[in-house]
There are 2 protein chains.
Amino acid sequence: MLQPAEIDTSEALTERQQAVLDAALRLLVEEGDNLTMTAVARRASCSKETLYKWFGDRDGLLTATVQWQASKVRVAAVDRDTLDLGSLTASLERFASDWLKVISSDTSIALNRVAVGHAGSGKDDLGAVVLQNGRFALARRLKPVLEAGRQAGLLEFDDAETAFRTFFGLVGRDVQIRLLLGDRVELTEATIGGDARRATQQFLALFGAKNRP
Amino acid sequence: MLQPAEIDTSEALTERQQAVLDAALRLLVEEGDNLTMTAVARRASCSKETLYKWFGDRDGLLTATVQWQASKVRVAAVDRDTLDLGSLTASLERFASDWLKVISSDTSIALNRVAVGHAGSGKDDLGAVVLQNGRFALARRLKPVLEAGRQAGLLEFDDAETAFRTFFGLVGRDVQIRLLLGDRVELTEATIGGDARRATQQFLALFGAKNRP
DNA sequence: CAAGAGGCGTACCGTACGTTACGGTTCGGC
DNA sequence: GCCGAACCGTAACGTACGGTACGCCTCTTG
């Protein structure tokens, strides 16, 4: 397991700095890891000296960019006052659909690509950041729902982590690795919805309580 | 979908050339994508000129290395003369276990990392090569087993591709992306075996025929 | 043994890019 | 209106690395 790498999203970012990071982000999506500091400066209409003053060096800029994007995708957790099979199903489908939308987005693909590329040559911890705000953030948001489902007698499982990982696998399947490797998987709004429903039904078939309350 | 990118594994590789590629492979595992031609030459005890003569340029060397590794992991397909639930289960577990072993190996992680890094900046087609010899090769080997299971009345599904992708998801779950991003997932022989059994049971629960023959 | 090919080691070139330095401009505060 | 700080644009520096050239060695072939 990696370090918590807790992100304090605020960190006092100026409007201007956020704009610069947005520019860097757009450039990252277009150019991948071979963006240059000069290009970022030009795109953001700022000087390189400012970039170095604000972010230290190239790696600093990259991590700041990744964290900045991460701070934007924070999705609201689902409310669970009245929990019946219908609302549980809806929640799971919503999570699945949101997740598929995220991992198939241009920015997510670009960010994961550079993070994967940087992992191993342990210069920075982009991988940890992406992991924390991707896979682990999803787990943190979904597990309460699973626990609530178990409390309500709708789900049966021993370990929430294992249940979550199964759901994760049923939803994502081969999509993320294929996208990262450059395969153009067709993911329209419709197929995402269908996949979300299918994954949810499969999950319920595996972990749904046999005798409902 | 990417181009077929059919690999002719032989391509007349000299013993010496294979040795050079092995050196490059080892270096790739150690250094990641920032290996230099000089380092490869030194490690392989050959001159850079030879590298360029044999492989054209850096990308050529990389693709040759990836293909060379790919040509080594070709796993034998399972025989299926007597197909009952026991042998089908064993086959599936074996596939799952082999697959987990592959994706958690150092070389696979390194290769996937550089392929992911290169995808998008469409210089070469490392992503296609890795995909063909990874995810798609697995599908080609596993689908006949699934079809045979259906023929024998042990499995029920409409689309073999969909069934395969579900199996893929149940086996891999979050393992590959976590490994690629640098998370140190604990994957001992024992846990791999357990995961393979669990995934297989879940798959059978979802796609096993209700009334066995 | 002579000739030539293939290959090793190394020096070298060109370039791209990270990083730094500097002059000019805007802008808020006195 | 003046001062200093922040910042823009750009030029300059240093280095790392992809790619090439060349001299020397070794081994095969006639």
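Lettering of chains follows the sequences in order, A, B, ..., and the numbering in each one begins at 1.
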| remark: To the nearest angstrom, the CG-P distance between A:Asp33 and C:dA16 comes to 18 Å
| message | Just so I know, are the side chains of B:Leu25 and B:Lys72 near enough to count as touching, which here means a heavy-atom distance under 4.5 Å? | response | yes
| remark: Contacts of B:Ser97 meeting side chain to side chain contact (heavy atoms under 4.5 Å, CB included) (sequence neighbours excluded), chain-then-number -> B:Lys101, B:Ile192, B:Ala196
| field | side chain to side chain contact (heavy atoms under 4.5 Å, CB included) involving B:Ala163 - partner list, sequence neighbours excluded | value | B:Leu146, B:Phe157, B:Phe203, B:Phe207
Give me the distances for all protein-to-nucleotides 26-28 of chain C N/O pairs that come in under 3.5 Å?
none

| field | Any pair counted as salt bridge (charged side-chain N to carboxylate O under 4.0 Å, His left out), so long as it reaches residues 35-49 of chain B, sequence neighbours left out | value | B:Glu30-B:Arg43
| note | Heavy-atom contacts, protein to nucleotides 3-17 of chain D, under 4.0 Å, summarised as B (base), S (sugar-phosphate only) or - (none) per nt, yield ----SBB-B-----S
| said: Going by the rule side chain to side chain contact (heavy atoms under 4.5 Å, CB included), which residues pair with B:Ala110 if we only count those two or more places apart in sequence or in a different chain? | reply: B:Val29
| message | Show every salt bridge (charged side-chain N to carboxylate O under 4.0 Å, His left out) that has at least one partner inside residues 163-174 of chain B, sequence neighbours left out. | response | A:Arg135-B:Asp174, A:Arg165-B:Asp174, A:Asp174-B:Arg165, B:Arg173-B:Asp195, B:Asp174-B:Arg178
| request: Mind calculating the distance between CD (B:Glu15) and P (C:dG6) to the nearest angstrom? | output: 19 Å
| Rounded to whole angstroms, how far apart are CG on A:Leu51 and P on C:dC17? | 16 Å
| query | Can you list every salt bridge (charged side-chain N to carboxylate O under 4.0 Å, His left out) pair that touches residues 53-63 of chain B, not counting sequence neighbours? | reply | B:Asp33-B:Arg58, B:Asp59-B:Lys123
| remark: Contacts of A:Asp158 meeting side chain to side chain contact (heavy atoms under 4.5 Å, CB included) (sequence neighbours excluded), chain-then-number -> none
